[in-house]
Each structure stands twice: as C-alpha cells, then as structure tokens.
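Here's the structure we're looking at; comments come further down.
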Amino acid sequence: MLNHVREDRNICIDCNTRLEKIFEMVGCSPVERRLLNRPRRMTTFAVPVEMDSGEIQIFNGYRVLYNDALGPGKGGLRYHPQVNLEEVKNLAFLMALKCALVELPFGGAKGGVEVDPSSFSEAEKERLSRSFMQQLYPVIGEEVDIPAPDVNTNEITMGYLVDEYTRIHGSAVPAIVTGKPIALGGSAGRKEATSLGGAFVLRAYYAHRKDDLLGKTVAIQGFGNVGGHLAVLLTEWGAKVVAISDSRTARYAADGFEKEVIAKALAVGAVPAAGTEITNAELLTLDVDVLVPAAISHQITEENAADVRASVILEMANDPIATDAEATLKEKDIVVIPDIIANAGGVIVSYFEWVQNRSGETWTKEVVNAELEKKITGAFESLLTQSGTDQTNLRERGYVVAVERILNAERTRGRLARQVS
Ligand code: NAD
C-alpha cells in the first residue's frame with residue numbers, strides 16, 4: 001500500500017496518513033479516497049529576483065490548490081528556506097479542512113517560495129513579491145484561488161502583490177488577495193482576527209464545561225502576531241498568562257504578566273522582560289491549565305508529549321503537534337483544540353475582507369468581530385456537541401465533518417458520479 005502511495009507523485013503522503021482513519025469512519029469508497037488524498041492542482045515556478053547587487057537569483061515557488069468543491073482556493077503564501085512541495089500540499093489540505101469546518105465557501109490552497117528573506121532589503125522583498133505574482137498570475141483569481149499572508153509575509157507583501165496583479169491585469173481587483181493594508185481594501189480587525197478567534201474558542205470551551213477563563217493559567221509559545229495578541233486578550237478576559245516565549249527566550253511569572261507589560265513588549269516585538277528566564281522546552285511542560293503553541297509546527301512530539309502537564313492545548317500554530325504524539329496526549333486525557341478550528345479566525349476574517357471587496361462595503365471593526373464570534377463559536381459549539389463526552393477526539397471529529405462536507409459538494413457537482421472506480 002505504502003509503495004503504491006509513494007509511487008503516485010500526486011498524492012500527499014502526510015494527508016493520506018491523516019486521512020486513513022477518517023476514510024474508515026466516513027466509509028469512503030476507493031474513488032473518494034483517491035480524490036481526497038491528492039491536490040486538484042499543483043504548480044511549481046522558477047522565481048527570478050534581481051538582488052541589490054545586480055545579480056539575478058532564481059528561487060523555487062509553489063502554489064497548490066487542494067480542493068475547489070466548496071469554492072475557490074484560499075490560503076497563505078510563505079517565504080521560508082524549508083518551503084517544499086510536500087509541505088505546501090499538506091498545508092493546503094489543512095486549509096481545505098479548515099474552510100469546510102467553519103463553512104466558508106472556499107477550498108484549500110497554499111503557496112510559497114523557498115527562500116530565506118531575513119537578509120533581504122525591503123527593495124529585494126518587493127522584487128521577490130512582484131516576480132512571484134508574475135508567475136502566479138495565470139493560476140490565481142478572485143473566483144479561482146485567493147492568496148493571503150503567512151510565515152514571513154505580511155500586509156506589506158500583500159500590497160506589492162495586489163499592485164502587481166493590477167498592473168498585469170489592467171484593472172483593480174482588490175479581492176485577489178486578503179490580508180491587505182486597509183488603504184488597499186484590507187478589513188478592519190484582520191490583524192488580531194486569528195488571536196480573537198482562538199480566544200472566542202477557548203472561552204466557548206470553558207463555557208461548555210460550565211466554567212470560565214477567570215484565573216486559568218496559560219503558557220504561550222510564540223510571541224508574534226498570533227501569540228502576542230492572544231496574550232493581551234486572554235489577560236484582558238481574566239486569564240493569567242504565566243509564560244511566554246519567542247525563538248530566542250522564554251519567561252515565567254507565577255502570578256501572570258500584567259496586560260500593560262505584555263502590550264508594551266508586543267509593541268517592541270520582544271518577550272516581556274518581567275519574571276524569570278526559563279527554556280522553551282520547560283515552557284511546553286509547565287503545570288498550567290492551557291498550553292498554547294503559537295509558533296511553528298511539530299513542537300510537541302513523541303519525545304516531550306509524556307511530560308506535558310496542561311489539561312488543554314489550544315493549537316494556534318498550524319500543525320504544532322506531531323502525529324506520533326497524539327496517542328500519548330489522549331492517554332493523558334489532554335484536550336487538544338485543533339488548529340483547524342482554533343486558528344480559523346484569520347481565514348474567517350479573510351473571507352469577510354473578500355466579501356467587502358466584492359460588495360464595495362466597508363465593515364466596522366465591531367461588525368467584523370461580532371460576525372467572527374458568531375461564525376467561529378457556532379462551528380466550535382457544534383463540534384463539541386458532536387464529540388459527545390469524550391473531548392479528546394476533537395481533531396478526528398473536525399476532520400470527519402470537513403471531509404463529509406467536501407465529499408457532499410463533490411457529489412453534488414457530479415464529479416464523483418462521473419468517475420469510474
Ligand atoms: P509570527 O512570525 O508573527 O510569530 C511567530 C513567533 O514564534 C515569533 O515570536 C517567533 O520568535 C516565535 N518562534 C519561532 N520559532 C520558535 C521556537 N522554536 N520556539 C518558540 N518560539 C518560536 O507568526 P504568526 O503570524 O504569529 O503565526 C504563528 C503561527 O500561527 C504559525 O504557525 C502560523 O502558520 C499560524 N497561523 C497564523 C495565522 C495568522 O493570521 N497570522 C493564521 C493561522 C495560523
């Protein structure tokens with residue numbers, strides 16, 4: 001079976017592994033399995049960039065549209081030295097599940113360039129983004145596939161992309177990317193949307209248990225856009241954020257960091273100097289109510305899962321728990337609130353941005369946040385209800401709901417009926 005899978009270059013190996021059990025639970029036919037474990041379209045590009053020195057460098061670029069049964073592709077673009085086709089396929093697949101779970105009219109997509117932009121000047125970053133858009137132009141579109149920011153890309157990058165698209169296209173199409181600067185059609189509330197969505201989900205989790213956030217201790221790994229804003233919000237809502245880290249350092253304060261201290265640190269992009277220094281590895285195994293991985297993937301693995309002492313893990317990063325760690329966490333009755341719901345706030349507000357761009361409306365931050373709360377809390381409460389008394393299986397239930405929705409759309413389109421298994 002594995003040999004058969006590996007010989008098929010279109011298949012997404014990680015997605016196939018994740019889906020094996022779901023295929024059984026949903027009772028998928030062989031042709032449904034084949035449809036779900038490969039992307040609909042994968043494009044690779046050579047992205048030439050003129051460096052400030054005048055030298056031309058060529059980077060590898062990728063865009064994967066995983067599924068489009070529910071609507072156009074949607075997903076971020078990252079600039080990172082470890083970007084490769086397998087990773088992009090897996091991230092596009094997770095986007096397809098996320099959009100289906102929160103009932104957005106989008107399929108999943110992802111893209112990126114294999115590049116380390118840390119030493120790039122701003123002019124080089126701009127030329128990289130414009131060159132990438134020149135390659136992407138034929139495969140994206142406001143009703144085809146809509147990119148957004150991801151690792152090492154931000155609203156400035158989206159500004160370059162939308163401008164280059166407009167230049168090539170000859171007319172303005174603001175809905176071509178989301179996560180844009182407000183001046184170019186971005187949405188109020190997009191910057192904090194992922195964190196606010198995660199905070200709504202965590203609050204709904206405790207409400208479901210007839211409990212609340214007051215006094216709950218929280219450790220957050222990653223103090224960037226997501227982890228930083230979440231730390232401020234949870235403190236505002238009465239939780240005690242006792243540990244925070246970034247890639248350089250981690251700090252611990254038994255009584256919780258003050259909201260003002262966190263906000264000030266976030267403004268300068270550094271972990272609060274208060275409390276005592278701990279290691280990142282120690283942060284992950286602190287005796288807290290909630291552990292929030294909000295940095296990079298595969299931080300909780302078979303090696304450290306047995307030492308995790310939090311009772312809830314809120315997955316704000318994409319894929320922070322390696323598959324081989326999941327059984328150990330389940331044995332320890334740790335509730336994992338999976339990425340496909342916990343960090344869906346970003347794509348939900350991206351959808352609101354796309355709606356505003358296409359309707360010519362401008363929503364206030366209050367409207368955006370209220371609509372976000374309705375959408376993400378509704379999807380999460382429905383997931384909690386479907387999971388019954390065992391809440392250690394939220395990821396599995398989420399995958400089942402998402403896969404059933406995608407398959408239903410595929411059947412309704414007649415794509416499955418026309419295929420011969
Ligand atoms: P960011 O680049 O703003 O912040 C990342 C933070 O993680 C930084 O503080 C960095 O120092 C820290 N970090 C990196 N490696 C680390 C390590 N080994 N240990 C501890 N800290 C480390 O990124 P972000 O936008 O906050 O995204 C964080 C995660 O959330 C990513 O996995 C991203 O894919 C996911 N996510 C982001 C959004 C969004 O809207 N920004 C939406 C969905 C998911």
Side-chain angles (χ1 to χ4, degrees), residues 74-83 87-88 90-92 94-95 97-99 101-102 104 108 110-112 117-118 147-158 177-180 186-187 189-199 201 219-233 243-251 262 265-272 277-285 291-301 304 314-321 337-353 372 376:
K74 185 88 197 75
L77 293 175
R78 61 174 59 177
Y79 295 163
H80 196 274
Q82 269 144 32
V83 166
E87 183 197 58
V88 177
N90 187 37
L91 292 167
L94 289 175
M95 281 305 294
L97 296 184
K98 195 180 295 183
C99 292
L101 182 62
V102 295
L104 298 181
K110 204 79 173 190
S118 57
D150 197 77
V151 176
N152 291 329
T153 58
N154 55 24
E155 60 173 29
I156 297 169
T157 322
M158 297 305 111
V177 296
T178 59
K180 299 178 290 293
S187 178
R190 175 62 185 86
K191 204 177 195 140
E192 309 84 13
T194 306
S195 317
L196 184 60
V201 164
I220 301 181
Q221 184 201 40
F223 194 62
N225 185 42
V226 174
H229 287 110
L230 185 71
V232 174
L233 273 167
I244 297 177
S245 69
D246 66 7
S247 55
R248 290 157 298 185
T249 183
R251 309 287 299 186
I262 301 174
L266 183 59
V268 295
V271 165
E277 185 162 1
I278 56 170
T279 65
N280 236 307
E282 284 167 342
L283 180 143
L284 295 174
T285 57
L291 172 63
V292 184
I296 50 173
S297 61
H298 292 196
Q299 292 302 290
I300 299 164
T301 63
N304 61 2
L314 181 71
E315 285 191 328
M316 294 306 291
N318 282 314
D319 208 15
I321 300 178
I337 305 181
D339 49 6
I340 60 167
I341 186 77
N343 70 25
V347 72
I348 292 174
V349 175
S350 273
Y351 165 62
F352 297 159
E353 180 176 333
L372 168 62
I376 202 162

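We use all heavy atoms of the structure for the numbers below, so side chains are in, but hydrogens, waters and symmetry mates are not. Whatever order the structure lists them in is the order used to number ligands and atoms, beginning at 1.
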Quiz item: When you look at Thr153 and Asp150, which way does the side-chain hydrogen bond (donor to acceptor under 3.5 Å, both in side chains) test go after all the steps?
Solution: CA-CA 5 Å; Thr153 58; Asp150 197 77; over 6 Å; no

Self-check item: Nearest candidate to atom 32 (O) of ligand 1, where distance is taken over non-hydrogen atoms, out of Ala270, Gly346, Ala295
Solution: Ala295

Exercise. Have a look at ligand 1 and work out which part of Ala294, if any, has a heavy atom under 4.0 Å from it: side chain, backbone, both or neither.
Key: backbone

Quiz item: Do side-chain atoms of Asn280 reach the backbone of Asp246 as a donor and acceptor pair under 3.5 angstrom?
Solution: yes

Quiz item: Ignoring hydrogens and geometry, is there a side-chain-to-backbone donor-acceptor pair from Asp339 to Glu315 under 3.5 Å?
Solution: no

Practice problem: Check whether any side-chain N or O of Ser195 sits under 3.5 Å from a backbone N or O of Val226 as a donor-acceptor pair, and report yes or no. | Solution: yes

Quiz item: Of Leu230, Ile220, Val201, which is the lone residue that meets side-chain contact (heavy atoms from CB on, under 4.5 Å) with Met316?
Solution: Leu230

Quiz item: What protein heavy atom is closest to atom 4 (O) of ligand 1, reported as residue, atom name and distance in Å?
Solution: Gly224 CA, 3.2 Å

Exercise. Could you check atom 21 (N) of ligand 1 against the protein and tell me its nearest heavy-atom contact, residue, atom and distance included?
Key: Asp246 C, 3.1 Å

Self-check item: Lys98-ligand 1 polar pair, N/O distance under 3.5 Å
Solution: no

Quiz item: Which heavy atom of the protein is the closest neighbour of atom 30 (O) of ligand 1, given with residue, atom name and distance?
Solution: Met316 O, 3.4 Å

Self-check item: Heavy-atom donor-acceptor pair, Gln221 side chain to Pro293 backbone, under 3.5 Å
Solution: no

Practice problem: Check if Arg190 has a non-hydrogen atom at a distance under 4.0 Å from any atom of ligand 1. | Solution: yes

Exercise. Identify the protein heavy atom lying closest to atom 26 (O) of ligand 1, giving its residue, its atom name and the separation to 0.1 Å.
Key: Val226 N, 2.8 Å

Self-check item: For Ala193 against Val349, the heavy-atom pair lying closest together
Solution: CB-CG2, 3.5 Å

Practice problem: Considering the heavy atoms of Asn280, write down every atom of ligand 1 situated less than 4.0 Å from one of them. | Solution: 19 (N), 20 (C)

Quiz item: Considering only protein heavy atoms, which is closest to atom 42 (C) of ligand 1, and at what distance to one decimal place?
Solution: Thr194 OG1, 3.4 Å

